[in-house]
Amino acid sequence: DTPAAERFKLLKKQNLVDDYRQWFEGQLQEIVQRFEQKMHGINPKLSLGVMPQLGSAACVAMMKYFGTAEAPAIIDNWDMYNGLGFTPDIVKTIRKAKSLNPYNRCVTWFRINSYQPEYIASHAYHAAQAGDGYSSWVLHMLAPRQGKHRAGYLLPGEHTPQEYYAAYAEANAAIAAQTDIPLKPIKSLVAPLADLDRITVPNLRPVGNGSGAPQMLVLRDQQVIYFAAKAGEEVKFEISHLAGKQRPISLQYIVYGPGKQQLRNEAVNAGDKTVFSVTPADTGTGALVVTGGRGGLAWYGVRIHSSHIGLLATPRTYFFFNGNRTLYGVTTPGEISIRCHAKQMLDGKFNDQEFQVNDTKPFTFKMTDSGVPFTLRYEKPELPKGYYLQDIFITGKTVKPLLLSDGPERILAAE
């Protein structure tokens with residue numbers, strides 16, 4: 001009768017955590033064995049698989065029992081997914097899978113547009129030689145008519161599908177001939193800034209007295225954050241690459257002063273943090289444009305030490321959940337909505353109106369007036385089994401740009 005949230009405390013109190021874990025893993029292994037026997041009873045040649053290879057009890061059980069002599073299991077590891085390339089850790093991953101079952105076939109899997117083509121042949125070759133092959137996600141990235149792809153599926157820079165096909169051909173030829181390709185050290189990709197010619201730096205109106213400590217906004221994709229600028233006064237910025245090795249693509253950012261005068265254009269390497277200041281020549285509104293890669297690649301933190309800021313949410317902004325947060329703005333006619341990805345859920349409040357968002361139910365609030373302060377808060381609820389919270393999308397379909405701030409006295413609003 002012990003509530004689920006209290007069970008671990010009870011096990012710990014009674015010194016039964018290890019016993020429970022052993023029992024639980026034994027139960028999982030029995031389930032996996034029954035599943036394997038049932039499936040291979042229907043078709044003895046059916047290869048079962050695991051994607052991705054993890055260290056969880058369920059994954060270990062599947063790697064231990066899925067493979068047979070007649071139907072080897074396919075074990076897909078994602079160690080190269082994010083652009084790190086072939087490393088000694090991949091060899092350890094493969095050895096772990098094979099130590100659990102000699103009939104495991106280990107395939108290293110990587111995301112195509114996390115790599116420039118010059119590295120594909122070398123790293124695909126070494127991944128295949130260390131295990132039982134390589135795999136790429138997703139071939140749609142190599143389709144022609146690149147301009148028709150969604151942002152997250154575009155190839156980096158000006159590279160073409162033909163360059164990637166040539167690199168794959170080189171790797172495959174070396175694998176077939178059993179000739180060597182030296183391992184080529186990888187230089188991290190830099191996320192490209194897109195559509196800079198379409199970004200405007202309007203003169204925005206400060207709302208509030210500018211008091212309150214600047215907060216770290218944790219974001220994904222390309223974002224525009226406006227800030228109040230005064231001629232000859234420094235504005236301090238902090239930009240942190242928070243994804244680290246999980247998304248080793250470098251951030252890129254550009255800072256504009258009033259009138260879209262470029263003040264700085266730099267990159268931030270994976271796992272690094274940069275702190276810098278700029279001194280605008282004029283009074284008005286400046287803008288920070290920053291990206292961790294389209295399609296939700298690296299997530300990053302931004303803190304701007306200006307009196308007022310405005311994160312552009314028209315047409316959309318993308319938060320990475322790192323804790324409960326309250327955002328502030330002023331209304332403009334139109335709609336504001338908030339949603340999350342599949343198997344995600346959040347609780348929220350727009351002013352006094354409480355709501356819950358899940359993967360099938362966004363929240364939308366219609367604004368009919370202008371210039372009225374509002375608050376938008378999102379929180380992590382008690383999540384049902386199988387749910388989590390990571391990706392939060394806020395969309396403004398409004399007459400004037402919808403801007404969000406980190407403090408009630410630090411708001412920027414469209415004139």
Side-chain angles (χ1 to χ4, degrees), residues 47 49-53 72-98 104-192 194 243 245-250 252 267 269-270 292-295 297-298:
S47 283
V50 175
M51 181 182 79
Q53 177 180 344
I74 307 301
I75 312 300
D76 215 8
N77 80 72
W78 290 9
D79 290 17
M80 282 176 57
Y81 174 82
N82 295 317
L84 285 173
F86 181 81
T87 68
D89 286 340
I90 293 173
V91 176
K92 295 178 184 177
T93 298
I94 291 169
R95 286 176 178 168
K96 173 64 176 177
K98 288 186 174 290
N104 284 338
R105 298 291 176 261
C106 300
V107 178
T108 299
W109 186 92
F110 58 88
R111 180 180 176 129
I112 295 169
N113 65 359
S114 289
Y115 293 86
Q116 297 181 65
E118 64 182 290
Y119 302 115
I120 292 286
S122 167
H123 290 263
Y125 168 84
H126 283 272
Q129 295 293 73
D132 300 288
Y134 69 84
S135 178
S136 295
W137 184 88
V138 56
L139 287 176
H140 175 61
M141 295 177 184
L142 299 181
R145 301 177 69 190
Q146 285 281 304
K148 301 293 184 181
H149 292 354
R150 286 188 293 160
Y153 294 82
L154 292 171
L155 296 176
E158 300 297 321
H159 294 299
T160 65
Q162 289 73 23
E163 293 177 82
Y164 284 83
Y165 284 124
Y168 283 121
E170 181 183 349
N172 293 344
I175 293 167
Q178 289 298 296
T179 56
D180 185 52
I181 299 179
L183 188 63
K184 190 171 186 176
I186 283 182
K187 294 181 181 178
S188 174
L189 277 173
V190 177
K245 289 185 178 181
Q246 292 178 271
R247 297 289 189 277
I249 187 170
S250 297
Q252 188 176 181
N269 292 330
R294 294 288 185 93
L297 289 176

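Closest approach of A97 to C106, counting heavy atoms only: CB-SG, 3.6 Å. The two residues A191 and G292 have their closest heavy-atom pair at CB-C, 3.7 Å. Across all non-hydrogen atoms, the minimal contact from M80 to T108 is SD-CG2, 3.6 Å. Of all non-hydrogen atoms in S250 and A270, the two that sit nearest each other are OG-N, 4.2 Å. The shortest heavy-atom contact between L155 and P161 is CD1-N, 3.6 Å. Nearest heavy-atom pair across S47 and I74 is CB-CG1, 4.5 Å.
The side-chain hydrogen bond (donor to acceptor under 3.5 Å, both in side chains) test applied to R105 returns no partner, not counting sequence neighbours.
With no hydrogens or angles considered, a side-chain donor-acceptor pair links T93 and D79 at under 3.5 Å.
At least one side-chain heavy atom of E170 sits less than 4.5 Å from a side-chain heavy atom of I181. Put simply, the side chain of M141 reaches to within 4.5 Å of the side chain of R111, judged on heavy atoms. Counting only heavy atoms from C-beta outward, the side chains of I120 and Y134 never approach each other to under 4.5 Å. Using a 4.5 Å heavy-atom threshold, the side chains of V107 and S135 count as touching. Put simply, the side chain of K187 reaches to within 4.5 Å of the side chain of Y119, judged on heavy atoms. Contact check for I112 versus Y168: side-chain heavy atoms found under the 4.5 Å cut-off. Taking 4.5 Å as the limit, some side-chain heavy atom of Y165 sits within range of a side-chain heavy atom of L142.
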Requested in this report: Determine, stepwise, if the pair F86 / H123 fulfils ring-ring contact (aromatic ring centres under 6.0 Å, His included).
Outcome: CA-CA 5 Å; F86 181 81; H123 290 263; 7.4 Å; no
Query raised in the report: Does the side-chain contact (heavy atoms from CB on, under 4.5 Å) test come out yes or no for I249 and V190, once each step is laid out?
Result: CA-CA 6 Å; I249 187 170; V190 177; 5.9 Å; no
Query raised in the report: Is there a side-chain contact (heavy atoms from CB on, under 4.5 Å) between I186 and Y115 once you walk through the steps?
Result: CA-CA 9 Å; I186 283 182; Y115 293 86; 3.5 Å; yes
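Within a 6.0 Å sphere centred on CD of E158, heavy atoms belonging to other residues, nucleotides or ligands number 12 at most. Remark: K96 NZ is loosely packed, at most 12 non-hydrogen atoms of other residues, nucleotides or ligands lying under 6.0 Å away.
Between the side chain of K245 and the backbone N or O of L84 there is no donor-acceptor pair closer than 3.5 Å. Within the 3.5 Å criterion, the main-chain N or O of I175 finds a donor-acceptor partner in the side chain of Q178.
Aromatic ring centres of W109 and Y81: separated by under 6.0 Å.
Rounded to the nearest 0.5 Å, atoms CG (L189) and CD (Q252) are 11.5 Å apart. Going from atom NE2 of H159 over to atom CD of E118 covers 6.5 Å, rounded to the nearest 0.5 Å. Rounded to the nearest 0.5 Å, atoms OG (S136) and CG (N113) are 10.5 Å apart. The structure places CD1 of I75 at 4.0 Å from CG of N104, a figure rounded to the nearest 0.5 Å. Rounding to the nearest 0.5 angstrom, the gap separating the CG atom in L183 from the OG1 atom in T87 is 9.5 Å.
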